[in-house]
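Every chain is numbered from 1 and lettered A, B, ... according to where its sequence line falls, protein lines coming before strand lines. Please read all numbers here as calculations on a predicted model, not as lab measurements.
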Amino acid sequence: MENSEIARIFLEISELLELKGENTFKIRAYQKAARSIEGLSLDLDQVYKEGGIKALKEIPGIGESLAEKIEEKITTGKVKKHQQLIRRFSPGFIELMDIPGLGPKTAMKLFKEEKINSIAKLKKAIKSGKIKDLPGIKDKKVQNISAGIKLKEKAKGRFLISEATEYAAAIVKKLEKMGPVKKIVPAGSLRRQKETIGDLDILVTSEKAEKITAGFADLALVSRVLAKGPTRSSAILKNNMQCDLRVVKPSEYGAALHYFTGSQQHAIAIRQLARTMGLKVSEYGVFKGKKRIAGRTEEEVFGALGLKYIPPELRENRGELEAAQNGKLPILVELEDIRGDLHCHSDRSDGSNTIAEMAAAGREMGYEYMAITDHSVSTRIAGGQTEKEFLKEMSAIEKLRTKGIKILKGVEVDILPDGSLDFRDFVLKEADVVIAAIHSRFKMSKKDMTKRILSAMDNKYVNIIAHPTGRLINERAPYEIDMEEIFRVAAQTGTFMELNSHPSRLDLNDTHCRQAARHKILVSINTDSHNIGGLANIRFGVSTARRGWLEKKDVLNSLPYAGLLKKLYQKRR
DNA sequence: GCCGTTTTCGGCCCGACTGTTTTCAGTCG
């Protein structure tokens, strides 16, 4: 987990430099480097081990100085500059800037004038009325800060994509009824289908902007209005999610949609590219001098910059501009490419529908096949089956096989701490597809955990490693594993990797997918459904695969039935 | 602090809204 650790340190340095009032471009350099590292699909540790400082400097946004800091972190465990900055302010100080509406300037003022260096002290100062004496801070500002503190205390962080999708749909429905609107589209990280969503951005085209922004602020879903202008409104919704609404003219739709879809890093890269061509890009269009040359559609905006259309899921400044320039953009996998689900549970273990009901729902979705993969004995909490029960289930499946959808006999076996499986080989042999997963002892060392998974992959019956990192978004960190090594051995043994589509998992994540594709490992996009309602989560898995640049050819369950079986049985030979 | 078919120095994305201001700084996305 060196990457996220270093990214966090760089972000903290940038925040502390901001407090210090450092050169804004230096601050941005740290932020840019942090983002770049977050999106990296290789371990910095590995990169450094193999190529030293020189290899680190090839990462975009990393130069001499930052490469040395990465080296310092890897070899000594810390970064001196980071430590010095933290010492200079107090550890609780950075969190002041997390309060919405309170930025570095105000934080510094509070510190200098009143020695406020934590949220606790700030609350005290507000109560005593002390901070109203400071220059530039009056009633309104104090009110905003108080509201910001409350909000921060209530906020659960980022929202799952499933929840954001629901709320966006609700807002869109309300706005549609409000009057003269032409288009309403959720933009922002939701349109890019990020695994978590910080806030909603909704874009509306209308000639009557003020009517829309005013009506939005009055919606019953809104609990507090943060800002309300003629073309933009911001509000906190009843579930504590922030929602920003922007209204633009139809002629500006493409440029606005592109800009509000982001990511910020992508938008910056686009604007930089425009500058080198003597153009200017803003949310109103592409301009040559004063003249607007594009903006009605996104295709027009990209076209004006000599780029092919870049799908929203790729817009993270992870090489998509170069790919669009060179005609090397991937043809991303689509929902329609998925021919079946290879990880589903029934009421034989912890699912709530029968095998027949699950199969019928799969057929309803147009699937060609579906694997029933109930738990094995060790996962007792999930009604895991004994070997005997499992064999009985397999014969039940045999009988159902003529229902218009191919049902594959499957099982989700446990990878025990020593790397062995809890079903014996002669039992596994009866399944068409064997999924192996870890459900216990999550806190083993990186070395032991990696070994545990590698030895499972060595078994010739194991086809797929399910939810490979075990993370639960907002709940449980991924376990420590050497992903690069796991992919290497997966390629060697002919083992596939799951992309679990559950919105709390999305595991593999987007950058792992890209890494897997580089190793030429097929990814199986599964839902891990425990009832028929769960099957629809496949959309989030496909989105994540798209964010990971996966094409149809990279996805195991885009294969037709015969091709799939061939792949599954290949390893047993 | 990064980076280079304008550059190894001198640039670095761009605009909306708020609050405290008589012309703009701060914050945000």
Side-chain angles (χ1 to χ4, degrees), chain A residues 10 13-15 17-19 21-36 56-70 79 81 96-110 132 134-145 147-148 187-189 192 197-203 209-210 213 217 225-235 242-248 252 255-256 258-287 305-306 317 325:
Chain A
F10 283 176
I13 291 178
S14 84
E15 283 175 324
L17 292 177
E18 225 179 334
L19 286 165
E22 257 289 3
N23 175 323
T24 53
F25 299 109
K26 189 191 271 193
I27 294 166
R28 216 181 281 164
Y30 274 97
Q31 290 169 347
K32 194 177 169 194
R35 298 263 149 64
S36 177
L56 292 174
K57 279 170 68 180
E58 299 197 350
I59 300 165
I62 308 290
E64 190 70 38
S65 166
L66 292 188
E68 278 170 14
K69 289 191 175 65
I70 295 172
V79 178
K81 174 155 183 157
L96 281 181
M97 283 201 299
D98 286 344
I99 298 169
L102 200 165
K105 302 287 183 201
T106 314
M108 210 51 202
K109 197 186 287 178
L110 293 172
K132 264 198 281 183
L134 299 178
I137 298 184
K138 294 234 166 355
D139 280 354
K140 196 78 194 192
K141 187 103 189 159
V142 177
Q143 272 173 34
N144 279 343
I145 291 175
S189 52
R192 301 199 312 281
I197 310 295
D199 50 38
L200 292 180
D201 290 279
I202 310 248
L203 183 70
E210 277 170 72
T213 53
V225 176
L226 297 173
K228 187 168 76 177
T231 64
R232 297 169 72 143
S233 280
S234 286
Q242 182 169 333
C243 180
D244 297 333
L245 179 80
R246 347 256 176 163
V247 187
V248 298
E252 296 159 348
H258 175 262
Y259 176 61
F260 294 127
T261 296
S263 66
Q264 198 186 10
Q265 297 305 312
H266 168 88
I268 289 173
I270 286 278
R271 288 173 179 200
Q272 278 168 344
L273 173 66
R275 284 178 72 99
T276 67
M277 300 168 72
L279 302 172
K280 189 190 77 166
V281 174
S282 78
E283 57 259 54
Y284 299 110
V286 182
F287 296 86
L305 302 176
N317 198 27
Q325 277 170 326

>> Return whichever of A/Arg246 or A/Gly229 has its heavy-atom-nearest nucleotide of DNA chain B closer to the 5' end.
In response: A/Gly229
>> Return whichever of A/Gly63 or A/Phe25 has its heavy-atom-nearest nucleotide of DNA chain B closer to the 5' end.
In response: A/Gly63
> Can you tell me if A/Thr213 uses its side chain to pair, donor with acceptor, with the backbone of A/Gly229 under 3.5 Å?
Replying inline: yes
Among [options], find the nucleotide with the atom closest to the side chain of [X].
X        : options                : result
A/Glu283 : B/dC2, B/dA16, B/dC13  : B/dA16
A/Lys280 : B/dG1, B/dC14, B/dT20  : B/dC14
A/Lys140 : B/dT20, B/dC12, B/dC17 : B/dT20

Do any side-chain nitrogens or oxygens of [X] fall under 4.0 Å of OP1 or OP2 in [N]?
X        : N      : result
A/Gln272 : B/dC13 : yes
A/Lys32  : B/dC3  : no
A/Arg275 : B/dC12 : yes
A/Asn144 : B/dG19 : yes
A/Thr231 : B/dA16 : no

Remember a base hit wins even if backbone is also touched, and classify [X] as base, sugar-phosphate or nothing at under 4.0 Å, heavy atoms.
X        : result
A/Lys69  : sugar-phosphate
A/Lys57  : nothing
A/Gln143 : nothing

> Hey, are the side chains of A/Tyr30 and A/Lys69 touching, using non-hydrogen atoms and a 4.5 Å cut-off?
Replying inline: yes
> Are A/Gln31 and A/Leu17 side-chain neighbours, meaning at least one heavy-atom pair lies under 4.5 Å?
Replying inline: no
> In Watson-Crick or G-U wobble terms, both distances under 3.5 Å, what is the partner of B/dT27?
Replying inline: B/dA16
To the nearest Å, give me how far apart [atom1] ([X]) and [atom2] ([N]) are.
X        : N      : atom1 : atom2 : value
A/Lys228 : B/dT18 : NZ    : P     : 9 Å
A/Tyr30  : B/dG1  : OH    : P     : 4 Å
A/Met97  : B/dC28 : CE    : C1'   : 13 Å
A/His258 : B/dC13 : NE2   : P     : 15 Å
A/Gln265 : B/dC12 : CD    : P     : 17 Å
A/Ile268 : B/dC2  : CD1   : C1'   : 14 Å
A/Leu245 : B/dC28 : CG    : P     : 20 Å
A/Lys26  : B/dC9  : NZ    : P     : 19 Å

> Between A/Arg192, A/Arg271, A/His258, which is the residue that forms a side-chain hydrogen bond (donor to acceptor under 3.5 Å, both in side chains) with A/His266?
Replying inline: A/His258
> Can you list the steps and then say if A/Asn317 with A/Ile268 is a side chain to side chain contact (heavy atoms under 4.5 Å, CB included)?
Replying inline: CA-CA 9 Å; A/Asn317 198 27; A/Ile268 289 173; over 6 Å; no
[atom1]-based separation of [M] from [N] [nearest Å]:
N      : M      : atom1 : result
B/dT18 : B/dC12 : C1'   : 27 Å
B/dT7  : B/dG1  : P     : 26 Å
B/dT21 : B/dC17 : P     : 22 Å
B/dG15 : B/dC9  : P     : 31 Å
B/dC3  : B/dC13 : P     : 13 Å
B/dT6  : B/dG11 : C1'   : 11 Å

>> Run A/Ser36 and A/Lys32 through side chain to side chain donor-acceptor pair (under 3.5 Å) and show every step you take.
In response: CA-CA 6 Å; A/Ser36 177; A/Lys32 194 177 169 194; over 6 Å; no
Would you tabulate the nitrogen or oxygen pairs shorter than 3.5 Å linking the protein to nucleotides 22-27 of chain B?
residue, atom, partner, partner atom, Å
B/dT27, OP1, A/Gly103, N, 2.8
B/dT27, OP1, A/Gly103, O, 3.3
B/dT27, OP1, A/Thr106, N, 3.1
B/dT27, OP1, A/Thr106, OG1, 2.4
B/dT27, OP2, A/Lys105, N, 3.1

> What are the two closest heavy atoms between A/Cys243 and A/Ile202, and how far apart are they?
Replying inline: SG-CG1, 3.9 Å
> What are the two closest heavy atoms between A/Ala274 and A/Val281, and how far apart are they?
Replying inline: CB-CG2, 3.5 Å
>> Salt bridge check, A/Asp201 against A/Arg246: does any charged N sit closer than 4.0 Å to a carboxylate O?
In response: yes
> With a 3.5 Å cut-off and just heavy-atom distances, do the side chain of A/Tyr259 and the base of B/dG15 make a donor-acceptor pair?
Replying inline: no
